[in-house]
Structure formats: C-alpha cells, structure tokens
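Along the sequence shown, residues carry numbers from 1.
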Amino acid sequence: MTIAVRVPEELSARVPAEQRGPGLGRDAVRLLVSRGTRVSHHAFADLPGLLRAGDLLVVNTSATLAAAVDGRVGHARVVVHFSTRGDDGRWSVELRDPDGSGTTRARAGGPAGTEVRLPGNVRLVLDEPVSARGTRLWWGRVPDGEVLELLRRHGRPIRYSYTERDQPLEAYQTVFALPSRDGAGSAEMPSASRPFTSGLVTRLVSRGVQFAPVTLHTGVASAEVHEPPYPERYAVPRASARLINAARAGGGRVVAVGTTAVRAVESAAGPDGTVRAARGWTDLVVTPERGVRVVDGLLTGLHEPEASHLLMLEAVAGRAAIDRGYEAALRGRYLWHEFGDVHLLLPAENPHTEHCSSNCR
C-alpha cells in the first residue's frame, strides 16, 4: 500500500512536544481519530473520553537503547546502528556514513570480514547479511567487548535528518519502558506510546480502561528503503494474554499502542483469536491479506507514504479509512515521525448510534 501524497518537509516533528513551548508536556500533541472513514480532531489529552470502560490498551514495555556508536572502517568515519542481538551473541548492525550535520546517510553494507574500530579498542567484524533480500543489515561479532556496555558508555540514540538536534536518551523512553533482565531493548523508540504520561494513564485507569503489557524489541528501520520488518524478539506474558482474552469476551475493544504491539500480540494469537503466553522470535508481517485476529483498533504515529507499516494499518482499519485519515492529517497540518502527532484507528460505529461532534468532517 502506498499513500499517493508527499509529506511536506515542514510537517516533520523536529523536536519533542515538551520542547515546543513553555509549560508543555509529552502529551501536548494532536490526536487524529478515524472511526471507519469518519474523522475527528482532538488533543491527545482527550484520549480517556474516546475510550470506554472495558477497553484494553496493549502497550510495549521495551526500553530504547543508545544504539548509535561512532567508528572507523580504515580511515573512513562511520556510524554503527546496533539493531538486534541474536541468540548466538552476534548483533545485526547497519553501517551508515556521517553527513556532517549530526545525522547519517545510507551506506553500502559489507563485505564479509569488514572490521570496524569502535571506542574503547572494541572491534566489530561483519560476518554475513542478515537476509538474502538485502545487504543493509549484517550480522556482526564483537570479540573484544560487551556490546551493551559499549552502548552505555559510548552510544547515543539513533537520530534521523528530519530532527533538529541530538536528544538525551530519556527523550526516547516511554512511560511504559522497563529494563529487561538481559539488558536488551529497542534500537528505535516504540514511539506511539511516547505521548502517554503517568497522569494520563491514571485518568484512563480511573475510567475503566485496562492495560496489557507486552514486549517487542524493535530493530533499526530503514529511513530510505521502508523494508518490511526483520524478525524481532517478543514476549506476551500469561497475565497479559488473560487480560486480552477477557476484554474480548466482555465486549471491550483491544487497541494496540503502536505497530510493535500489534506484531507482538498477533504473533501470540491462534487462528481463533485466542491469545496465549508466548516468547521468542517473530517474523510475522501483518498485511491486509493476512488480517488481524485480535486487535480492534490501533494508536500509531503518522507514517511515510512508502512505509511498510501502512499495510498493517490497512489490515486493522481498511484502505478507505487510511486514505481518508491521511488526507485529513495533511489538510490539518499534523506532524509526522517519532516526536509528532498520533492517529487513533477505531472500528466504525453503528450509524444509528454514532453522534459526530462539531469537529468531525
């Protein structure tokens, strides 16, 4: 699926919401709501009033890593993006060229045997491409050092060119982020949950909205190619599976917060939609042809027209709803990317009971 529009450069969110003016918090973003093809415009703080008692939000608890590290290949400067740790101790990595402005541009991967010198006399040796479908990501070995310690001491959050400046790691952590026992995390922030604050979570709980935590450690996305996601590590705890199944049985809506939460919970669902405790690696790509078995709605950021994530959005809400929502987002000058505004996709309501407020179009 491709949205047939171009996103103007000025609609890129360049800094976090809380840095756009005095007194603003993370929740100072706009919320576009699609109920089928009906669209309305809200502040994110309105979310508790848009959900119902018995609804359930599935949230990703993966913490964001400081996954970008400077290095050298021969005399050339490079930036290494550490993506995902494999079961054999190797990491999938992407090598990029610094662009002179604090961000990076794409670089050809490999070849096998390439050695990257990293801070602290650490060496990274490239072994082989992660997938036969491309050479952007490579499996690499760090024989002389521990990668997580390297990231803690010398890493910084991955930053793309549409942002204005480097941000501290805290700016990329969500209110749901929890440290994992093995120190693993996401190379890029599960950004749909960034606008949540502890106060907003309290308001949602007080209205009878429940939360089901899951984990999916997301790897490095491609800012240029928009490839489908590679296999990623996930976990759906037994308690969360029970909460999701109970919400569905009780008539509540299961709303995933972010495409990562969709991928995790749909990976743990059987053909009948029953969710079971599960963990491991998922290679699931949610498409309109595959559809969704559990998720009724999705809270997500605004994705580039070529992004593979749009196939997942179409699977949840249908092509007409996505086209209509993105047209409204462009007309309304919503902001894109991880520090931008958000889009809530809900099932269409019964036309005999639906009441549209004055801001519906």
Side-chain angles (χ1 to χ4, degrees), residues 1-34 39-47 50 60 64 101-103 157-168 170-176 186 188-197 200 218 221-224 226 255-261 297-310 312-313 316-317 321-346 359-361:
M1 174 184 181
T2 299
I3 301 291
V5 296
R6 184 184 68 83
V7 179
E9 186 176 338
E10 64 268 21
L11 295 187
S12 294
R14 302 195 180 280
V15 297
E18 61 271 22
Q19 297 178 17
R20 295 178 198 146
L24 297 180
R26 284 179 170 230
D27 57 355
V29 298
R30 300 168 67 194
L31 177 63
L32 178 73
V33 179
S34 294
V39 176
S40 58
H41 303 272
H42 304 266
F44 188 74
D46 297 337
L47 182 62
L50 297 165
N60 187 0
T64 308
S101 61
T103 55
I158 290 173
R159 175 189 160 206
Y160 291 116
S161 59
Y162 48 77
T163 56
E164 184 174 292
R165 56 182 177 268
D166 285 346
Q167 297 288 341
E170 291 74 19
Y172 290 88
Q173 302 295 8
T174 74
V175 72
F176 304 112
S186 288
E188 297 182 358
M189 171 178 56
S191 56
S193 55
R194 190 185 190 278
F196 284 86
T197 64
L200 185 65
T218 185
S222 170
E224 296 83 18
H226 299 296
V255 179
V257 179
T259 57
T260 60
L298 173 61
L299 181 71
T300 183
L302 294 163
H303 302 281
E304 291 284 2
E306 303 86 359
S308 60
H309 290 306
L310 289 171
M312 180 184 291
L313 272 61
V316 173
I322 305 308
D323 284 345
R324 182 72 179 85
Y326 272 64
E327 291 168 3
L330 285 167
R331 284 200 309 270
R333 310 290 290 176
Y334 279 71
L335 296 180
W336 257 249
H337 303 305
E338 65 264 32
F339 296 137
D341 298 316
V342 284
H343 189 189
L344 176 62
L345 299 159
L346 292 173
N359 63 352
C360 294
R361 297 181 182 178

Residue of the set Leu346, Val316, Leu345 for which side-chain contact (heavy atoms from CB on, under 4.5 Å) holds with Val255: Leu346

Contact summary for Ala192 and Pro195, nearest pair of heavy atoms: O-CD, 3.4 Å

With sequence neighbours excluded, give me every side chain to side chain donor-acceptor pair (under 3.5 Å) pair touching residues 21-34. Ser34-His343

Donor-acceptor contact below 3.5 Å, side chain Trp336 vs main chain Ala13: no

For Ala28 and Ala17, work out which heavy atoms get closest and say how close. O-CB, 3.8 Å

Are more than 12 heavy atoms, taken from residues, nucleotides or ligands other than Glu9, located less than 6.0 Å from that residue's CD atom? no

How long is the span from the CG atom in Asp166 to the OG1 atom in Thr103, to the nearest 0.5 Å? 9.0 Å

Asp341 side chain to Val29 main-chain N or O, any donor-acceptor pair under 3.5 Å? no

Is any side-chain heavy atom of Phe44 closer than 4.5 Å to a side-chain heavy atom of Thr197? no

Run the salt-bridge test on Glu338 and Arg159 with the 4.0 Å N-O cut-off and return the result as yes or no. no

Nearest 0.5 angstrom please: Ile158 CD1 to Thr163 OG1, how far? 11.5 Å

Let me know which of Leu32, Leu47, Val342, Leu50 forms a side-chain contact (heavy atoms from CB on, under 4.5 Å) with His42. Leu50

State, yes or no, whether a side-chain contact exists between Glu164 and Phe339 at a heavy-atom distance under 4.5 Å. no

If you apply the rule side-chain hydrogen bond (donor to acceptor under 3.5 Å, both in side chains), what do you find for Gln19 with Gln167, and how did you get there? CA-CA 11 Å; Gln19 297 178 17; Gln167 297 288 341; 2.7 Å; yes

Of all heavy-atom pairs between Ser161 and Arg14, which one has the smallest distance, and what is that distance? O-NH1, 4.4 Å

So, the side chain of Thr64 versus the backbone of Tyr172: is there a donor-acceptor pair under 3.5 Å, distance only? yes

Whether the side chain of Tyr326 engages the backbone of Leu302 through a donor-acceptor N/O pair (distance < 3.5 Å, no angle test) should be reported. no

Would you say the side-chain atoms of Arg194 pair up with the backbone N or O of Ala171, donor to acceptor, closer than 3.5 Å? yes

Is there a side-chain contact between Asn60 and Thr174 (heavy atoms, below 4.5 Å)? no

Test side chain to side chain contact (heavy atoms under 4.5 Å, CB included) on Thr218 and Thr259; report intermediate values, then the result. CA-CA 10 Å; Thr218 185; Thr259 57; over 6 Å; no

